[in-house]
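Scroll down for the structure; my scribbles are underneath it.
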2 protein chains.
Amino acid sequence: MSRQENQRSAPAPGEGYGGRRAAEIVGITYRQLDYWARTGLIVPSLATATGSGSRRRYSYRDLLEMRAVKSLLDAGIRLELVREVFGYLRENLHEDVASVNLVISGKRSVLVQTGDEIIDLLAKGQGVLNILPLASVKAQVDAAIIELYPATASDADAGVADSVATGTA
Amino acid sequence: MSRQENQRSAPAPGEGYGGRRAAEIVGITYRQLDYWARTGLIVPSLATATGSGSRRRYSYRDLLEMRAVKSLLDAGIRLELVREVFGYLRENLHEDVASVNLVISGKRSVLVQTGDEIIDLLAKGQGVLNILPLASVKAQVDAAIIELYPATASDADAGVADSVATGTA
DNA sequence: GCCTCGAATTACGTCGATGTCACTCTCCGG
DNA sequence: CCGGAGAGTGACATCGACGTAATTCGAGGC
């Protein structure tokens, strides 16, 4: 939406991330990436697969989404719920990725900034709250890129390089 | 642990809840109750099954635990994680059920009282937090008992009858 | 333009968490 | 003491979310 990243028939090499690379960076298996792409959970936005032998191309933003999915899975959340959430998340996710928490309350999802809002939800809501700090998602992706492919680390937009110093692997 | 509720060979009729009843009150299918009992997730504490034709007997506390499980499932959490959590929960669950929140942070679980503690966990933790208010669990069980079987409603210990007024079904 | 390498695809298997259904056995009332 | 109702059991099927292995086919190097 900001750069010239509309679907191009031939993305420049080195632009975006291939399937295997993306899976490695995010920390999932290739099979998961493939399954997610086929079932429409995370479709590569630079280039989708067009048959055997073609290449998927994932944007940096795609990596963030995939990492968010993995974090939710690691937290014991079913993929089914993740699917529902991401419909909402994609519409409401802007550039302020690093300062927002995703809160899943039953069927609804909200993006909140402060912890006080969470306490509000806790007081009013009857059920379970699932909270994902998006800052950690970005930090983990950036750390993985730098560790695995330092050359392409420029994809992470500038100004957040300081928050990566915590990643250790 | 407080009353004389050790395993008795013949529990008095009307004491505790049978399998079908328990499932109805908690709001799960009988198959789920059965599966949970077989796999050791929630074992009826008054009388376990001893073969075809025998009867399971669930205590009120069992109902609370099952309702907690259902709430977590409804929130999109995998049963596998629930199993891990309940090992901890059973050890640390006291009479203050109505004022505590269960917080699942990765592999660890904690019981917290105030919302401030949750914000602390949010700031320090890297991953997802799952929060279950136990008060709502008790409220839902009590409401269901009163609506379905008002005669046996004395099983819910006194002093909480006021908190049931919110239940509507 | 061909050839190979790597990425996608297909086919098949698996495992957990149930739904369905027929069957068996215990308990309780008559 | 006997019969039926109801509760647990077993066998089988299902569905999502992958794992594994073999197969295919586009894309870039020569």
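If you're wondering where the values come from, they're calculated on a predicted model, not measured in any experiment. Just so we're on the same page: letters track the sequence lines, and every chain starts at 1.
For DNA chain C, none of the residues of residues 62-71 of chain A falls under the heavy-atom distance limit of 4.0 Å. Applying a 4.0 Å cut-off to non-hydrogen atoms, the residues of residues 22-40 of chain B that approach DNA chain C are B:Thr29, B:Arg31, B:Gln32, B:Tyr35, B:Trp36, listed by residue number.
Just one residue in the list A:Val43, A:Asp34, A:Thr50 forms a side chain to side chain contact (heavy atoms under 4.5 Å, CB included) with A:Arg56, and that residue is A:Asp34. Just one of A:Leu89, A:Ile131, A:Val112, A:Val137 meets the side chain to side chain contact (heavy atoms under 4.5 Å, CB included) condition when paired with A:Leu102; it is A:Leu89.
For the pair A:Leu134/A:Lys138, no side-chain contact is recorded, criterion being any heavy-atom separation below 4.5 Å from C-beta on. With contacts defined as side-chain heavy-atom distances shorter than 4.5 Å, the pair B:Val26/B:Tyr58 does not qualify. A heavy-atom distance below 4.5 Å is not found between the side chains of B:Val128 and B:Ile104. At a threshold of 4.5 Å between non-hydrogen side-chain atoms, the residues A:Trp36 and A:Ile28 count as touching.
Contact annotation for A:Arg56: backbone-only contact, meaning every heavy-atom pair under 4.0 Å involves sugar-phosphate atoms and none involves a base. Among the heavy atoms of the strands lying under 4.0 Å from B:Arg83 are primed sugar atoms or P, OP1, OP2 only; no base atom is included.
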Between protein and nucleotides 22-30 of chain C, map the contacts as a letter string: B base, S sugar-phosphate only, - none, heavy atoms under 4.0 Å, written 5' to 3'. --BBS----

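Rounded to whole angstrom, the span from the CG atom of B:Leu79 across to the C1' atom of D:dC15 amounts to 16 Å. The separation between A:Arg20 atom CZ and C:dC5 atom P is 15 Å, rounded to whole Å. Rounded to an integer number of Å, the gap from A:Arg21 CZ to C:dA8 C1' is 16 Å. Between B:Leu41 atom CG and C:dT18 atom P there is a gap of 9 Å when expressed in whole angstrom units. Rounded to whole Å, atom C1' of C:dA17 lies 13 Å from atom CZ of B:Arg78.
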Can A:Glu84 and A:Lys107 be said to form a salt bridge (Lys or Arg N to Asp or Glu O under 4.0 Å), step by step? CA-CA 8 Å; A:Glu84 299 173 5; A:Lys107 288 290 176 187; 3.3 Å; yes

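Remark: B:Arg20 does not engage B:Glu24 in a salt bridge, criterion side-chain N to carboxylate O under 4.0 Å. A salt bridge between B:Asp62 and B:Arg57 is absent, with no side-chain N of the basic residue lying under 4.0 Å from a carboxylate O of the acidic one.
Annotation for B:Arg83: atom CZ counts as buried by contact number, over 12 foreign heavy atoms lying within 6.0 Å. Summarising the local packing, CD of B:Glu80 is surrounded by 12 or fewer heavy atoms from other residues, nucleotides or ligands at distances under 6.0 Å.
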